Amino acid sequence: MDQENELLELSGTVENIIYKNEENGYTVLRLKNDSGELVTVVGCFPYAAAGESMIISGNWMNHSVHGRQFKAEFAQRLLPTSANAIYQFLAGGSVKGIGPATASLIVNRFGDDSLDVMLNSWEELTKIKGISAAKAQQISKSFRRQAGVRMLMEFVCSFGLRPILAMRMYKYYGDEALEALRANPYILCGSMIGGTFAEADAMALELGIEEHSKNRLGAAILFELSHNTGNGHCFIPREKLAAVTGELIGVEPETVDECLEELIEGGQLCYEEIAGCRACYLPELYEAERDAAEQFARMSKRRFSDRVDVEKLLSRLESSQGIHYAPMQRSTLELALKNQIVVITGGPGTGKTTSIRAILAMFEQLGLKTLLTAPTGRAAKRMTELTGHEASTVHRLLGAKFDEDSDHVVFTKDESDRLDCDAVILDECSMVDICLMDALLKAMPPDARLVMVGDADQLPPVGPGNVFSALIRSQVIPTVRLTEIFRQNEGSKIIRNAHIINRGEHPNLAENSGDFFRLKRLQAGTSVETITQLCSQRLPGKMGIPPEDIQVLSPTRKGELGTANLNRALQAVLNPPGKEKKEKLFGDAVFREGDRVMQIKNNYDILWKNSSGTESGTGIYNGDIGVVQAIDPEAETITVNFDGRIASFGFDALIELEHAWAITVHKAQGSEYRAVILALSPSSQMLLTRGVLYTAVTRAKELMIMVGDDQTAYQMIDNYRRSKRYTALRVRLRKLCGVE
């Protein structure tokens, strides 16, 4: 090794922590070396704390601002062993539940054995006045967790992988995480850990797993199938699966195909030739698609007796609601009356909400107990406001929870414990993927009616399948297409332009009037400046629309007009730092009291209470938006109010939150906002599509403003790209109904 590249060794005791990033483990600390000199060290030191000893390998560097620093490549970390060092370690807040006073009591009692007592004999802590059994257990649990996470993180980091993966590993595998990871590194790329196959593969190969081992081939195949559910696919054709897997790991497709056969025989994936395609499924997706098709087919054939006087019933409804139903609406009501399942689709302003209210009233007249549901919290809330009847998310309706034994979401409502209802009305159906749809169908009583409402021209669900579109295209489910724009909506340029866009035509964007505006900006920087002014000054000051009623949308997360950068700019003007506001740095983001945030991952177990404490429950779901109420650095928690549901997150769960003044169009599905500002951002062709623009425009209730270059909008309208999804629901449904 050349002298200039040789790593130097530095040893000493951590004096204090200057900066640490919980997400990636990056830390800046002050180390007192063996000569008594204080030096600045930078590197990956998860859970570093004052008082611990380190032997660090690295090199000196000169930082342009902070001067001379020691950049660590590797570190051997030792917990303190002397009473004085242990006190410093504990008093610095390294263990939850221990501050300087408690640290002093523990060290005075147990001296050099303090950490051993905390780790292995927590009952001894109760001999100290003021430490109850519950507190002693909490201290021991916190320290054991820290010790386990530190060891796991050091193992993960030694392979150059992200420390956050270790945190997730420990969350799901606990004290067995390290042993499980050594036995099978490919658990890193499981859905609950979120590592890439490349990360797991790098560790596995370094640990000595053979390139052509069955474990490696099988993990790669299952990863490709799982990864592609994120692209909306229920299955992958066998030839394509073998080819892409072979390309991923550098082996011949024929070798992959041999392993595919073994996985099929072992039941780890399902195989079926359908519609001329050799389809390979993950078992849970195969069962969901097959079972949903069977349920839909059965329901499509069920008719209810025609003993009800339809005309008399509809006249009574019109009288009670003070409305005269248009011919199409009357036809919709008749279909819902006579059929077990009905699909209603239409664009904005065509009467979907009126149809929901009318069907709900009709079912009430018939004495049917009806449940209202939608895929997101905001969609359910809007459904409640529009109908005057309580609606819930599908997840809450079904009692979703995370089962740690299976690493999967399970629903308490299913075939063995069905929903108590005679009918279900499901809104925003275009967002519902095949797994959630199958779960709802399984939980419904066999004779219960199902009314599915949505806009088939909006974006497909984020998850696998395209259920709503498949039902309509199957032509075997009773379907109503609402096309007439009603008189009360004719003056809305939001609605008019949405339909123009949906037809593939170019609206006149220069016609700035009514409720639809375009602010032409040719530079991204000026667009960002305009958007921040609109949210902080112009709309609140001139139109009386407060910032909380404004939602900024962008097709993309990345770039100057992506949501990440827009959120930083909007936070600076809408919720700047202040002495009275606590904040928490996490990764590249600063979470601050008063921030608008979004939950970006389903969390089925988190507890919430309403503001008065009279109601409680579990579950905050992907897409739920709230406001940061409080940050407690000592308890390491952040409390968020999600439309009246107040939940507390540990700092290690901040990976589930992101700022939400600006969100992607995909995340806005199912929601409606008083004012929408769309950042017209040049991006990939996958994102600049007609469906994205149409979905963005239809999110606006009172005001729609586009900011950017007209050409980007026209490019989106002209790009009628609809990504192909491998799903066989339509084919299965037609076959079951005897239609080839």
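Every heavy atom of this structure was used, including side-chain atoms; hydrogens, water molecules and symmetry mates were not. Note that the structure is predicted; figures quoted are calculated from it, not measured.
With contacts defined as side-chain heavy-atom distances shorter than 4.5 Å, the pair V707/V552 does not qualify. Annotation: side chain of Y720 is not in contact with side chain of T689 (no heavy-atom distance under 4.5 Å). Side-chain contact between L471 and V467 is present, with at least one heavy-atom pair separated by less than 4.5 Å.
Side-chain atoms of N565 do not come within 3.5 Å of backbone N or O of L561 as any donor-acceptor pair. Side chain of Q571 to backbone of R568: no donor-acceptor contact under 3.5 angstrom is found. In terms of modelled atom types and a separation under 3.5 Å, the side chain of N231 and the main chain of H233 share no donor-acceptor contact. Between the side chain of D549 and the main chain of R674, no donor-acceptor pair closer than 3.5 Å is present. Between the side chain of R699 and the main chain of T695, a donor-acceptor pair closer than 3.5 Å is present. A distance-only check finds a donor-acceptor pair linking the side chain of T384 to the backbone of A380 [under 3.5 Å]. Using modelled atom types, one side-chain atom of T532 and one backbone atom of E529 make a donor-acceptor pair closer than 3.5 Å. Between the S331 side chain and the P327 main chain, no donor and acceptor come within less than 3.5 Å of each other. At distances below 3.5 Å, at least one donor-acceptor pair connects side-chain atoms of D595 with backbone N or O atoms of R592.
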**OP:** Give the C-alpha distance, both sets of side-chain angles, the deciding distance and a yes or no for side chain to side chain donor-acceptor pair (under 3.5 Å) between D515 and S492.
**Re:** CA-CA 7 Å; D515 56 8; S492 169; 2.9 Å; yes

**OP:** Test side chain to side chain donor-acceptor pair (under 3.5 Å) on S513 and K493 and set out the steps.
**Re:** CA-CA 8 Å; S513 61; K493 289 186 178 176; 2.2 Å; yes

**OP:** Test side chain to side chain contact (heavy atoms under 4.5 Å, CB included) on I545 and I550 and set out the steps.
**Re:** CA-CA 7 Å; I545 302 176; I550 305 167; 3.7 Å; yes

**OP:** Show your working on side chain to side chain contact (heavy atoms under 4.5 Å, CB included) between K667 and V462 and close with a plain yes or no.
**Re:** CA-CA 9 Å; K667 288 287 189 183; V462 174; over 6 Å; no

**OP:** Show your reasoning for whether side chain to side chain donor-acceptor pair (under 3.5 Å) applies to R690 and Q715.
**Re:** CA-CA 8 Å; R690 186 187 306 172; Q715 178 186 347; over 6 Å; no

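The residues R518 and D710 are annotated as salt-bridged, a charged nitrogen and a carboxylate oxygen being separated by less than 4.0 angstrom. K601 and E656 are not joined by a salt bridge, as no carboxylate oxygen comes within less than 4.0 angstrom of a charged side-chain nitrogen. The existence of a salt bridge linking K369 and D420 is confirmed by a sub-4.0 Å separation between a basic side-chain nitrogen and an acidic carboxylate oxygen. By the 4.0 Å N-to-carboxylate-O rule, E511 lies close enough to R496 to be salt-bridged with it.
Under a cut-off of 6.0 angstrom, the local environment of CZ in R316 is crowded, with over 12 non-hydrogen atoms contributed by other residues, nucleotides or ligands. Enclosure of atom NZ in K609 is not indicated, since only 12 or fewer non-hydrogen atoms of other residues, nucleotides or ligands lie within 6.0 angstrom. The 12-atom threshold is not exceeded at NE2 of H666, counting heavy atoms of other residues, nucleotides or ligands nearer than 6.0 Å. When the shell of 6.0 Å around NZ of K558 is examined, it contains 12 or fewer heavy atoms from other residues, nucleotides or ligands. The neighbour count for Q523 CD, taken as heavy atoms of other residues, nucleotides or ligands under 6.0 Å away, does not exceed 12.
Partners of E658 under the side-chain hydrogen bond (donor to acceptor under 3.5 Å, both in side chains) rule, at least two apart in sequence or in another chain, are R557. For the side-chain contact (heavy atoms from CB on, under 4.5 Å) test, residues two or more places apart in sequence or in another chain that qualify with N339 are R303, L335, V342, P478.
Between the side chains of N602 and N622, not a single donor N or O lies within less than 3.5 Å of an accepting N or O. Side chains of E289 and T727: a donor on one and an acceptor on the other come within 3.5 Å.
Among residues at least two apart or in separate chains, there is no salt bridge (charged side-chain N to carboxylate O under 4.0 Å, His left out) pair with a member in residues 346-364. Residues in residues 383-400 take part in no salt bridge (charged side-chain N to carboxylate O under 4.0 Å, His left out) pair, two or more places apart or across chains.
Between E560 and V528, the shortest heavy-atom contact is O-CG2, 3.5 Å. Looking at every heavy atom in both residues, G562 comes nearest to S554 through CA-OG, 3.9 Å. Residue I495 comes nearest to G349 through the heavy atom pair CD1-CA, 3.9 Å, listed as atom of the first residue, atom of the second, then distance.
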Enumerate, atom names and distances included, each donor-acceptor pair closer than 3.5 Å involving a side-chain atom of residues 424-440, sequence neighbours excluded.
unit_1, atom_1, unit_2, atom_2, d
E428, OE2, R382, NH2, 2.6
D433, OD1, C435, N, 3.1
D433, OD1, L436, N, 2.9
D438, OD1, K442, NZ, 2.8
D438, OD2, K442, NZ, 2.7

Residues 640-648, side-chain donor-acceptor partners within the protein, below 3.5 Å, at least two apart:
unit_1, atom_1, unit_2, atom_2, d
N641, OD1, G644, N, 2.7
D643, OD1, K381, NZ, 3.4
R645, NH1, G619, O, 3.4
R645, NH2, D624, OD2, 3.2
S648, OG, T639, OG1, 3.0

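In this pair, H395 and Y604 present their aromatic rings tilted. The plane angle is within the 30 to 60° band.
In this structure, CG in L368 is found 12.0 Å from CD1 in I359, a value given to the nearest 0.5 Å.
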